[in-house]
Amino acid sequence: MKKIIYILLFAVTFMGCDDYLEKSPVTEQTEESFYRTEDDMYRALIAVYEPLQRNWGSTVQLTLDVVSDDSYGGGGSATDGVDVKKADRGTTTASEGMWSTMWDDQYAGVYAANVFLEKVDDSEMTEELKTQFKGEAYFLRAYYYSNLVRLFENIPLITKTLTTSEYSQAAAPVDEVYELIASDLESSISYLKDVTYSNDEKGRITEWAPRALLARMYLFYDGVYGTKNASSTMPGDVTGAEVLTYLNEIISDSGADLLPDFGNLWGHSEFTNSWVENSIEGIFEVQFSNQGEGEQWWSAPYDIGNKMVVFVGPRGTTSDSEYYSSWCFSPATQQLYDAYEDGDLRRDFTIINLVEELGDGNFEEGDQYTGFLNKKYAGLKSQVPEVGNPNLNFPQNYIAIRYADVLLMAAELEFHIGSNAIAAIHYNKVRARAFESYSPVSAVTLAQIFTERKLEFAYEGIRYWDLLRQGMPVLESAVNATNLGGIYDSAVNSAARGFWPIPSTEIALSNYKLEQNDGY
């Protein structure tokens with residue numbers, strides 16, 4: 001799907017081939033004349049994908065890592081990235097720009113999906129393509145809402161383009177948001193059945209991604225609002241048994257599997273030459289490219305590189321270092337480093353041990369220095385081309401959902417409502433890859449599954465929501481255990497119940513129909 005990313009440069013301006021321009025000049029393009037041809041609708045679909053790439057530093061992935069027990073804020077100094085450090089300390093406010101950015105980016109995706117779904121049926125595409133494109137758009141709308149509802153909980157539910165008289169929206173009941181997510185994902189599964197793509201379009205949504213996301217959202221709903229044992233029913237009549245069936249379909253029918261070597265997912269050290277994107281393990285990957293020609297941080301048409309990368313790598317690296325000199329945000333906590341057993345290969349592909357790997361004096365210590373940084377997404381000099389702004393041009397995809405997650409979600413559901421023996425099989429498969437020598441277990445506990453999730457998915461933006469769905473006492477205990485005092489303060493705003501503030505600007509824009517979340 002890198003092909004789609006390049007076309008993003010043209011999605012806003014509706015540029016096309018010479019023949020197309022002769023028939024309908026760009027200067028005459030209007031909403032009424034657009035959204036007709038297959039090419040029009042392809043561009044409109046690209047617009048639904050585009051907000052996935054808006055990953056400025058202190059947004060969803062990095063922020064969720066910092067506010068979990070896995071890392072601190074970091075950066076160059078105590079005044080660098082103050083917003084994310086305040087979130088880590090439990091002192092964030094509704095006026096912090098980071099929350100507006102997250103809110104705006106997710107709703108930009110919702111808006112683009114709504115426009116597309118309103119226009120597609122009247123277009124000139126074949127019915128087969130209409131069905132496929134709708135399947136992709138429904139998944140993406142559900143994905144944006146899945147981020148919004150887990151971040152902010154109380155959010156407007158918008159399923160159509162609004163007239164000016166409808167701009168002031170109150171929050172919808174939480175259950176209605178989950179019901180829409182369930183409906184959109186069920187539609188996506190149906191519409192994408194048996195859809196396949198050519199190699200140059202890998203990364204587009206398949207029928208397996210909505211199955212996996214529905215399971216993820218069910219487990220979150222069950223943990224935060226339900227019984228925590230998969231006996232709840234999520235709005236939309238989604239049951240634990242149903243999502244377990246979906247996960248089993250991925251396991252048996254999708255062709256997905258674990259890559260043999262964990263390091264192949266991330267592109268570092270001895271695995272650099274065999275780095276695989278959109279691999280058999282990637283169920284849903286957000287696509288990035290290193291071919292952007294722009295120089296501007298805040299210009300969407302150039303928004304095709306993974307900008308979070310420059311935030312998390314080591315600072316002040318030497319000329320002979322493989323690492324691009326970056327800004328050292330999100331330093332890993334000592335407890336994350338220590339959580340890996342001796343012999344667990346994942347640790348050294350997840351965390352940079354700065355002194356051991358780079359050598360003392362070959363990097364600069366940043367704020368909240370621990371000696372450890374994010375290796376999965378740290379940028380390499382070899383990945384940056386001589387085009388555009390290198391800080392904007394890292395090509396690492398964000399692997400939002402991968403097969404290891406499917407296995408561990410299935411293990412969790414089997415533990416609750418199925419077979420512990422099958423749960424152990426899934427658990428063993430993930431764990432066996434992490435060790436050169438591994439003795440499988442015949443039974444598994446819930447605590448073991450959650451520990452395995454922590455080790456497997458560190459620095460992938462998953463840990464915080466895994467803690468929250470286990471309950472506030474678990475979240476508070478984990479984060480408080482990383483509070484070393486002084487510059488390493490970490491805390492949970494217990495009154496907020498694990499959710500984040502509605503941006504104050506959005507409350508004002510809603511004519512105060514939106515109400516602030518508890519705790520802010």
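Bear in mind that the values here come from a model prediction, so they are computed numbers and not experimental data.
- The CZ atom of F284 sits 5.0 Å away from the CG atom of L52 when rounded to the nearest 0.5 Å.
- Closest of all the heavy-atom pairs between A137 and A113 is O-CB, 4.1 Å.
- With sequence neighbours excluded, the residues forming a ring pair (Phe, Tyr, Trp, His ring centres under 6.0 Å) with Y221 are Y178, Y225, listed by chain and number.
- Remark: F152 CZ to N147 CG distance equals 9.5 Å, nearest 0.5 Å.
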For this session: Check the pair E186, Y246 against side chain to side chain donor-acceptor pair (under 3.5 Å), reporting the backbone distance first and the verdict last.
Result: CA-CA 11 Å; E186 296 277 12; Y246 281 145; 2.5 Å; yes
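- A salt bridge is defined here as a Lys NZ or Arg NE, NH1 or NH2 lying under 4.0 Å from an Asp or Glu carboxylate O, and D222 with R469 fails to meet this definition.
- The residues E281 and R402 are annotated as salt-bridged, a charged nitrogen and a carboxylate oxygen being separated by less than 4.0 angstrom.
- Between the OH atom in Y145 and the CD1 atom in I158 there is a gap of 5.0 Å [rounded to 0.5 Å].
- With hydrogens and angles disregarded, a donor-acceptor distance shorter than 3.5 Å links the side chain of Y107 to the backbone of P156.
- Ion pair R346/E456 flagged as a salt bridge, since at least one NZ, NE, NH1 or NH2 atom sits closer than 4.0 Å to an Asp/Glu carboxylate oxygen.
- Contact check for Y323 versus L380: side-chain heavy atoms found under the 4.5 Å cut-off.
- Using cut-offs of 30° and 60° on the angle between ring planes, the pair F133 and F116 is tilted.
- Pairs of residues two or more places apart, or lying in two chains, that qualify as salt bridge (charged side-chain N to carboxylate O under 4.0 Å, His left out) and include a residue from residues 230-252 are R211-E249.
- Checked against side chain to side chain donor-acceptor pair (under 3.5 Å), E414 has no partners two or more places apart in sequence or in another chain.
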